[in-house]
2 protein chains.
Amino acid sequence: MGLAGIDASPRGAGESVWHPERDQIELTCVLHALSDPMRLRIVSELAAGEARTCKSFDLPVVKSTCTHHFKVLREAGVIRQQLLGTTRVNTLRRKDLEARFPGLVDAVLRGACR
Amino acid sequence: MGLAGIDASPRGAGESVWHPERDQIELTCVLHALSDPMRLRIVSELAAGEARTCKSFDLPVVKSTCTHHFKVLREAGVIRQQLLGTTRVNTLRRKDLEARFPGLVDAVLRGACR
DNA sequence: GCCAATGTACGAAGATCATCGAACTTGATA
DNA sequence: TATCAAGTTCGATGATCTTCGTACATTGGC
C-alpha cells in the first residue's frame, strides 16, 4: 500500500511527500481510509472549509497518532499534503476522487453528517 | 459491533439470524465491510444478479472464511441472509442502503467495476 | 545562535482482522 | 436410516491497525 520509493526535490511550498497519482487511487484503500471515525471526521471538516493544518483539527489523540491518520488518508489518495513552513497544509482531493469514483465522496460526506 | 442479543422465532424460509435495522446501519461499518476485495466482489456479484447462496460464489477461500465475510457484510447491514433449507440465500439490502446513504452503493459499485 | 512550534520516525503494546482446519448442526436424499 | 452437502462455531496463527511515548527534524522568530 504505502511505498515511498524515490522522491526528489524538497521544496518550500510544493510537495515533497509521496502521493498516489489519480490513476493509482484504489477503491478499497479509499474505503478503508474512510472507515475510521477519526479520519472520517478529518475528511468532513476538510470538505466543509478550506485548507487546514494538521494542528487545526482538535483531535483527541497525540501528535504521532495524528500523523498516522493523515498519512493513511494521504497514501490512499484522499487528501493532499503540502509543506508550508513548518506545517503541512491539507486539502481534500475532490477532483481526483470525483474523476475516479464519481459520487462517492459526496455520498460518504452526506452520510457522515447524518 | 456485532451483538446477537435475543433472537427468537426460528423459521423455515424467514430470518433467524441477526440483522441491523435500517436505522442501525452505520456508515463506518458499511465502509469497512466494503473495503475488503473479497467482500467487494461478493457485493458486486450480488448487485448484478439475483439472490445467491454462499456456495454459488466461487471464492478462493475455505468455507469458514466465507462464513466470516458474509457475517461481516450481514452485520454491517449490507446484505440480508435468509435461511432456505440447508443454505443461506443472500441479497443486497439496496433499498435500506439507498435510504440511509443515498448514492453510496451505486458509487462503490461503479468504482468496483472500474 | 537559540528556542518554540509543527510535525515525522521509530518502537512497543494491545486490539482487530483474515485465514485456516477440525468438529459440529441441519436439512435433503438415496 | 445412513449419508451427503451447506454452513456455522471454535480455536489458533500471523498480519495489520490504532494508539502511545520518546526522540528527532525543520522552520520561523527572538
Peer 1: Roughly how many Å is it from CZ in B:Phe70 to C1' in C:dA18, rounded to a whole number?
Peer 2: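 After rounding, the gap between these two atoms is 15 Å.
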
Peer 1: Does A:Arg110 have any side chain to side chain donor-acceptor pair (under 3.5 Å) partners at least two apart in sequence or in another chain, and if so, which?
Peer 2: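 Result, side chain to side chain donor-acceptor pair (under 3.5 Å) vs A:Arg110: none returned.
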
Peer 1: Axis-to-axis angle across the helix from C:dG1-D:dC30 to C:dA30-D:dT1, five pairs an end, to 10 degrees?
Peer 2: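 End-to-end axis angle: 10°.
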
Peer 1: Please work out which residues in residues 57-69 of chain B have a non-hydrogen atom less than 4.0 Å from an atom of DNA chain C and list them by number.
Peer 2: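 Output list: B:Val61, B:Val62, B:Ser64, B:Thr65, B:His68, B:His69.
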
Peer 1: Would you mind reading off the distance between A:Arg88 atom CZ and D:dT26 atom P, rounded to a whole angstrom?
Peer 2: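 Taking CZ of A:Arg88 and P of D:dT26, I get 12 Å after rounding.
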
Peer 1: In whole angstrom, what separates A:His32's NE2 from C:dT16's C1'?
Peer 2: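 A:His32 atom NE2 is separated from C:dT16 atom C1' by 11 Å.
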
Peer 1: Strictly by salt bridge (Lys or Arg N to Asp or Glu O under 4.0 Å), give each pair with a member in residues 47-74 of chain B just once, sequence neighbours left out.
Peer 2: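 Listed once each, the pairs are B:Glu45-B:Arg52.
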
Peer 1: Mapping B:Asn90 and A:Ser35 onto DNA chain D by nearest heavy atom, which one lands closer to the 5' end?
Peer 2: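 By nearest-heavy-atom nucleotide position, the 5'-most residue is B:Asn90.
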
Peer 1: C:dT6 base to A:Thr86 side chain: any donor-acceptor pair below 3.5 Å?
Peer 2: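 In this structure, the two groups form a donor-acceptor pair.
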
Peer 1: Which pair of heavy atoms, one from B:Phe57 and one from B:Leu46, lies closest together, and at what distance?
Peer 2: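 In terms of heavy atoms, the two residues are closest at CZ-CD1, 3.5 Å.
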
Peer 1: Give the rounded distance in Å between these two atoms: CG of B:Asp36 and P of D:dC17.
Peer 2: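 Value for this atom pair: 12 Å.
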
Peer 1: Is there a donor-acceptor pair under 3.5 Å between the side chain of B:Arg39 and the backbone N or O of B:Ala33?
Peer 2: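 Yes.
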
Peer 1: Using a 3.5 Å distance criterion without hydrogens, assess whether the side chain of A:Gln82 forms a donor-acceptor pair with backbone atoms of A:Arg88.
Peer 2: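 It does not hold such a pair.
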
Peer 1: Whole-Å distance between C:dT26 P and B:Lys55 NZ?
Peer 2: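 Between P of C:dT26 and NZ of B:Lys55: 20 Å.
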
Peer 1: Rounded to the nearest Å, what distance is computed from the CG atom of residue A:Leu40 to the C1' atom of nucleotide D:dT18?
Peer 2: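 Result: 16 Å.
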
Peer 1: I need the NZ-C1' distance between B:Lys71 and C:dC17, as an integer number of Å.
Peer 2: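 Those two atoms, NZ and C1', are 13 Å apart.
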
Peer 1: Specify the closest pair of heavy atoms between B:Leu34 and A:Leu31, including all atoms of both residues, with the distance to one decimal.
Peer 2: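 Looking at all heavy atoms of both residues, the closest pair is O-CD1, 3.4 Å.
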
Peer 1: When the distance from CD of B:Gln81 to C1' of D:dA6 is rounded to whole Å, what number comes out?
Peer 2: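 These atoms are roughly 12 Å apart.
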
Peer 1: Write out all pairs satisfying side-chain hydrogen bond (donor to acceptor under 3.5 Å, both in side chains) with one or both partners inside residues 22-31 of chain A, taking only residues at least two apart or from two chains.
Peer 2: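 Those involving residues 22-31 of chain A are A:Arg22-A:Asp96.
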
Peer 1: Of all residues at least two apart in sequence or in a different chain, which pass the side-chain contact (heavy atoms from CB on, under 4.5 Å) check with A:Thr65?
Peer 2: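 A:Thr65 satisfies side-chain contact (heavy atoms from CB on, under 4.5 Å) with A:Val61, A:Val62, A:His69 only.
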
Peer 1: B:Val78 vs B:Val105, test: side-chain contact (heavy atoms from CB on, under 4.5 Å). Steps then yes/no.
Peer 2: CA-CA 9 Å; B:Val78 178; B:Val105 171; over 6 Å; no

